[in-house]
Peer 1: 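Pasting a structure here, questions to come.
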Amino acid sequence: MAADLSQLVKAYDVRGVVPDQWDETLAELFGAAFVRVVDASAIVIGHDMRPSSPGLSRAFARGAAAQGVDVTEIGLCSTDQLYYASGALDLPGAMFTASHNPAQYNGIKLCRAGAAPVGQDTGLAQIRELAEQWSESGAPAPAATQGTITQRDTLDDYAAHLRGLVDLTAIRPLKVVVDAGNGMGGHTVPTVFEGLPLDLVPMYFELDGTFPNHEANPLDPANLVDLQKRVREESADLGIAFDGDADRCFVVDENGDPVSPSAITALVAARELAKNGGKGVIIHNLITSWSVPEVVKEKGGTPVRTRVGHSFIKAEMARSGAIFGGEHSAHYYFKDFWNADTGMLAALHVLAALGGQEGPLSTLVAEYDRYVGSGEINSTVADQKDRLTAIRATYEGREGITLDELDGLTVTAPDWWFNVRPSNTEPLLRLNAEARDEPTMEKVRDEILAIIRA
């Protein structure tokens with residue numbers, strides 16, 4: 001396992017195939033490296049339902065305890081439940097999950113006390129360096145006094161905290177289908193939803209890290225098909241899908257039609273602004289819909305546009321004192337939740353908004369979904385830079401068109417915009433386009449794809 005861990009340590013987390021790329025021996029080194037880099041005296045650790053998660057998690061705990069650090073294990077949990085524990089206990093944390101990746105993968109999401117993110121520039125690079133050194137030279141020397149490893153159940157406290165952030169007292173009875181995708185939503189949803197006037201129809205709540213029914217990645221439309229069908233069959237008011245570690249939530253309306261994460265961002269932003277007296281900063285990344293900044297301004301708030309990626313969003317949340325942030329990928333960030341992302345809290349907002357009025361969800365979200373989007377379209381390319389240069393050359397200097405390079409290349413016209421960004425890990429370009437109507441969006445989308453794929 002010695003030497004180069006660059007394929008394992010990504011921009012925001014550790015992620016790779018077990019045991020080919022990493023195993024419990026390396027997890028132990030990561031545990032020791034983590035506590036040294038964040039200078040911890042105590043940490044909290046949780047894990048998802050993957051077959052390799054308990055062993056990797058316990059090895060990480062051993063590595064940390066050997067350095068004299070006390071470890072609290074909260075066991076099976078969602079990623080946002082680990083963030084809750086990090087915030088409530090004011091401890092650095094480690095979550096063992098590979099989110100929506102296939103079963104043979106696993107990973108670690110790391111945070112400092114108060115759920116502050118640990119990314120490449122905020123400690124992850126140093127953790128990798130230490131682990132690489134030790135994998136070659138042998139484990140670090142243990143501390144004179146070993147730390148303790150104790151267990152603690154935080155599920156009830158997590159659920160109570162979330163429910164204290166949303167007023168659910170006035171909601172009418174709703175029938176809701178929830179697809180947990182055999183992921184951690186099956187563990188958290190029953191406790192969080194308990195006692196609410198909901199007729200809950202559970203799908204794939206059995207914890208199974210081999211994902212026997214479908215991949216736990218609701219961003220891929222193929223993984224929403226079962227939920228859409230069930231919502232129609234049950235004549236439900238809405239459907240909710242969670243990803244593998246249940247930190248993202250996706251919503252479908254009473255017709256089984258997906259509600260765009262941008263519309264959910266705008267809806268929750270409006271509710272958070274109302275709660276905050278109509279004032280506050282709302283973060284949105286540069287590929288969320290035009291609807292988001294429009295709604296934020298209409299409700300009295302200040303929209304702030306950022307790059308894509310949770311470390312950028314969380315940093316900007318902290319810098320600007322934002323009350324809420326949302327991404328196209330269905331990550332939702334709340335000031336009241338230590339600036340961390342929680343799909344469960346977003347889901348509670350949707351239930352409160354829908355249950356607080358009489359109309360169907362499709363009517364409710366229409367106010368927040370004003371444009372036509374392409375969704376994210378990935379293209380494999382030989383040379384990312386060359387294709388971006390070709391796109392820039394096509395649009396530069398055209399009247400009424402602006403270009404910016406906050407993240408990839410964004411081109412904006414009066415009736416449409418698009419963004420093309422390179423993947424950090426694969427030879428891909430990612431296209432997102434939006435326009436005021438379908439024909440315009442399709443024309444713009446096809447024009448750019450022709451350049452990308454030329």
Peer 1: Hydrogens and angles aside, do Tyr371 and Glu294 bring a side-chain donor and acceptor to less than 3.5 Å of each other?
Peer 2: yes

Peer 1: Decide side chain to side chain contact (heavy atoms under 4.5 Å, CB included) for Ser260 and His328; before the verdict, give the C-alpha distance in whole Å, the side-chain angles of both, and the deciding distance to 0.1 Å.
Peer 2: CA-CA 8 Å; Ser260 96; His328 72 295; over 6 Å; no

Peer 1: State, with a plain yes or no, whether a side-chain heavy atom of Val411 is found less than 4.5 Å away from one of Val420.
Peer 2: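 Not touching, per the 4.5 Å side-chain cut-off.
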
Peer 1: Side chains of Asn182 and Asn213: any donor to acceptor distance under 3.5 Å?
Peer 2: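 Judged by distance alone, the side chains do pair up.
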
Peer 1: List the atom pairs, with distances to 0.1 Å, where a side-chain N or O of residues 445-453 and a protein N or O form a donor-acceptor pair under 3.5 Å, not counting sequence neighbours.
Peer 2:
{"from": "Glu447", "atom 1": "OE2", "to": "Tyr395", "atom 2": "OH", "distance (Å)": "2.6"}
{"from": "Arg453", "atom 1": "NE", "to": "Ser379", "atom 2": "OG", "distance (Å)": "2.8"}
{"from": "Arg453", "atom 1": "NH2", "to": "Ser379", "atom 2": "OG", "distance (Å)": "3.1"}

Peer 1: Do other residues, nucleotides or ligands put more than 12 heavy atoms under 6.0 Å from the CD atom of Gln7?
Peer 2: no

Peer 1: What heavy-atom pair brings Ile74 and Ala85 nearest, and what distance separates the two atoms?
Peer 2: CD1-CB, 4.0 Å

Peer 1: Are there over 12 heavy-atom neighbours, none belonging to Arg152, within less than 6.0 Å of that residue's CZ?
Peer 2: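 No, CZ of Arg152 has 12 or fewer neighbouring heavy atoms, counting only those of other groups under 6.0 Å.
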
Peer 1: Please give me the minimum heavy-atom distance between Ala103 and Gly209, naming the atom from each residue.
Peer 2: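 For Ala103 versus Gly209, the nearest heavy atoms are CB-O, 3.1 Å.
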
Peer 1: Should Val259 and Asp369 be marked as a side chain to side chain contact (heavy atoms under 4.5 Å, CB included) after you check the CA-CA gap, both sets of side-chain angles, and the distance that decides it?
Peer 2: CA-CA 8 Å; Val259 179; Asp369 200 4; 5.7 Å; no

Peer 1: Rounded to the nearest 0.5 Å, how far does CG of Asp437 lie from CH2 of Trp416?
Peer 2: 13.0 Å

Peer 1: Can you check whether Glu405 reaches Arg392 side chain to side chain, under 4.5 Å on heavy atoms?
Peer 2: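 A side-chain contact exists here, since the closest heavy-atom pair is under 4.5 Å.
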
Peer 1: Do the side chains of Met203 and Asp226 get nearer than 4.5 Å, heavy atoms only?
Peer 2: yes

Peer 1: Could you tell me which residues satisfy ring pair (Phe, Tyr, Trp, His ring centres under 6.0 Å) with His214, sequence neighbours excluded, listed by chain and number?
Peer 2: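 Partners of His214 by the ring pair (Phe, Tyr, Trp, His ring centres under 6.0 Å) criterion, ordered by chain and then number, come out as Tyr204.
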
Peer 1: So, do Phe242 and Asp179 sit near enough that their side-chain heavy atoms are less than 4.5 Å apart?
Peer 2: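 Not in contact.
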
Peer 1: Might you point out which heavy atoms bring Arg305 and Leu286 nearest each other, and give the distance in Å?
Peer 2: NE-CB, 3.5 Å

Peer 1: Is the shortest heavy-atom distance from the side chain of Thr265 to the side chain of Tyr332 under 4.5 Å?
Peer 2: yes

Peer 1: Sub-3.5 Å donor-acceptor pair from the side chain of Arg163 to the main-chain atoms of Val192, do we have one?
Peer 2: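 Answer holds: yes.
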
Peer 1: Does the Ser86 side chain pair with the main chain of Leu91, one donor and one acceptor, at a distance under 3.5 Å?
Peer 2: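 Between the backbone of Leu91 and the side chain of Ser86 there is a qualifying donor-acceptor contact (under 3.5 Å).
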
Peer 1: Checking side chain to side chain contact (heavy atoms under 4.5 Å, CB included) for the pair Leu5/Leu26: CA distance, chi angles, key distance, verdict?
Peer 2: CA-CA 10 Å; Leu5 302 180; Leu26 198 47; 3.9 Å; yes

Peer 1: Measure the spacing between OG of Ser53 and CE of Met184 and express it to the nearest 0.5 Å.
Peer 2: 9.0 Å

Peer 1: Over all heavy atoms of both residues, which pair between Ile283 and Met317 is shortest? Give the atoms and the distance, please.
Peer 2: CG1-SD, 3.8 Å

Peer 1: Determine, for Asp415 against Lys443, whether the closest basic-nitrogen to carboxylate-oxygen distance falls under 4.0 angstrom.
Peer 2: no

Peer 1: Does any non-hydrogen side-chain atom of Pro102 lie less than 4.5 Å from one of Phe211?
Peer 2: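 No, too far: nothing below the 4.5 Å cut-off.
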
Peer 1: Should Asp253 and Ser362 be marked as a side-chain hydrogen bond (donor to acceptor under 3.5 Å, both in side chains) after you check the CA-CA gap, both sets of side-chain angles, and the distance that decides it?
Peer 2: CA-CA 6 Å; Asp253 68 17; Ser362 58; 4.6 Å; no

Peer 1: Quick one: which of Asp243, Asp48, Asp13 gives a side-chain contact (heavy atoms from CB on, under 4.5 Å) with Thr97?
Peer 2: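 Only one option passes, and that is Asp48.
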
Peer 1: Going by atom types only, do Asp247 and Thr79 share a side-chain donor-acceptor pair under 3.5 Å?
Peer 2: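 No donor-acceptor contact under 3.5 Å links the two side chains.
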
Peer 1: Mind checking what makes side-chain hydrogen bond (donor to acceptor under 3.5 Å, both in side chains) contact with Asn276, not counting sequence neighbours?
Peer 2: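 Scan of Asn276 (side-chain hydrogen bond (donor to acceptor under 3.5 Å, both in side chains), adjacent residues dropped) gives none.
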
Peer 1: Does Thr154 have any side-chain hydrogen bond (donor to acceptor under 3.5 Å, both in side chains) partners at least two apart in sequence or in another chain, and if so, which?
Peer 2: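 Result, side-chain hydrogen bond (donor to acceptor under 3.5 Å, both in side chains) vs Thr154: Gln81.
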
Peer 1: Please evaluate residues Asp80 and Phe337 with respect to the criterion side chain to side chain contact (heavy atoms under 4.5 Å, CB included), reporting the C-alpha separation (whole Å), side-chain torsions for both, the decisive distance (0.1 Å), and the verdict.
Peer 2: CA-CA 9 Å; Asp80 64 326; Phe337 199 74; 4.0 Å; yes

Peer 1: Tell me whether Ser374 contacts the main-chain N or O of Ala433 through its side chain, where contact means a donor paired with an acceptor under 3.5 Å.
Peer 2: yes

Peer 1: Which heavy-atom pair separates Trp134 from Ala33 by the least distance, and what is that distance?
Peer 2: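 What the structure gives for the nearest pair is CZ3-N, 3.4 Å.
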
Peer 1: Can you name the side-chain hydrogen bond (donor to acceptor under 3.5 Å, both in side chains) partners of Ser52, sequence neighbours left out?
Peer 2: Asn106

Peer 1: Are Leu82 and Cys111 packed together at the side-chain level, in the sense that at least one heavy-atom pair is separated by less than 4.5 angstrom?
Peer 2: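 Sidechains of Cys111 and Leu82: in contact.
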
Peer 1: Is there a donor-acceptor pair closer than 3.5 Å between any side-chain N or O of Asn101 and the backbone N or O of Tyr105?
Peer 2: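 Judged by distance alone, no pair lies under 3.5 Å.
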
Peer 1: Ignoring hydrogens and angles, write down the donor-acceptor pairs under 3.5 Å from the side chains of residues 35-47, residues two or more places apart or on other chains.
Peer 2:
{"from": "Arg36", "atom 1": "NE", "to": "Gln67", "atom 2": "OE1", "distance (Å)": "3.1"}
{"from": "Arg36", "atom 1": "NH2", "to": "Gln67", "atom 2": "OE1", "distance (Å)": "3.1"}

Peer 1: Hey, does the side chain of Ser289 reach the backbone of Val292 with a donor-acceptor pair shorter than 3.5 angstrom?
Peer 2: no

Peer 1: Among Leu29, Val17, Leu56, whose side-chain contact (heavy atoms from CB on, under 4.5 Å) with Trp22 holds?
Peer 2: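 That would be Leu56.
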
Peer 1: Ring centres of Phe324 and His349 under 6.0 Å apart?
Peer 2: no

Peer 1: Looking at Tyr83, I'd like to know if the NZ or CZ of Lys314 sits under 6.0 Å from its six-membered ring centre while staying within 45 degrees of the ring's axis.
Peer 2: yes

Peer 1: So, does Thr389 use its side chain to make a donor-acceptor pair with the main chain of Lys385 at under 3.5 Å?
Peer 2: yes

Peer 1: Between Arg50 (side chain only) and Ser99 (backbone N and O only), is there a donor and an acceptor less than 3.5 Å apart?
Peer 2: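 It does hold such a pair.
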
Peer 1: Any side-chain donor paired with an acceptor under 3.5 Å for Asn419 and Thr410?
Peer 2: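 Looking only at side-chain atoms, Thr410 and Asn419 do form a donor-acceptor pair, the distance falling under 3.5 Å.
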
Peer 1: Does atom CG of Asp386 have more than 12 heavy-atom neighbours from other groups under 6.0 Å away?
Peer 2: yes

Peer 1: For residues Met95 and Cys77, report the shortest heavy-atom separation together with the two atoms involved.
Peer 2: CE-O, 3.1 Å

Peer 1: Does the distance from a Lys or Arg side-chain N to an Asp or Glu carboxylate O, for Asp341 and Lys109, drop under 4.0 Å?
Peer 2: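 Not counted as a salt bridge, because no side-chain N and carboxylate O are separated by less than 4.0 Å.
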
Peer 1: Between the main-chain N or O of Lys10 and the side-chain N or O of Gln120, is there a donor-acceptor pair closer than 3.5 Å?
Peer 2: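 Such a contact is found between Gln120 side chain and Lys10 backbone.
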
Peer 1: Are Glu28 and Arg58 within salt-bridge range, i.e. N to O under 4.0 Å?
Peer 2: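 Looking at Arg58 together with Glu28, the answer is no, because their closest N to O distance does not fall below 4.0 Å.
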
Peer 1: Would you say Arg430 and Ser423 make side-chain contact, with heavy atoms under 4.5 Å?
Peer 2: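 Answer yes - side chains close enough.
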
Peer 1: Just by distance, with hydrogens left out, do Thr306 and Asn285 show a side-chain donor and acceptor under 3.5 Å apart?
Peer 2: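 Note: Thr306 and Asn285 side chains miss the donor-acceptor criterion.
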
Peer 1: Would you confirm whether Glu434, through its side chain, and Trp290, through its main-chain N or O, come within 3.5 Å as a donor-acceptor pair?
Peer 2: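 Yes, Glu434 side chain to Trp290 backbone: donor-acceptor pair under 3.5 Å.
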
Peer 1: So, Glu327 versus His310: side-chain donor-acceptor pair below 3.5 Å or not?
Peer 2: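 There is no such pair between these side chains.
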
Peer 1: Is the backbone of Thr122 close enough, under 3.5 Å, to the side chain of Arg112 for a donor and an acceptor to pair up by distance?
Peer 2: yes

Peer 1: Salt bridge or not for Glu272 and Lys279, using N-O below 4.0 Å?
Peer 2: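 So Glu272 does not pair with Lys279 through a salt bridge.
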
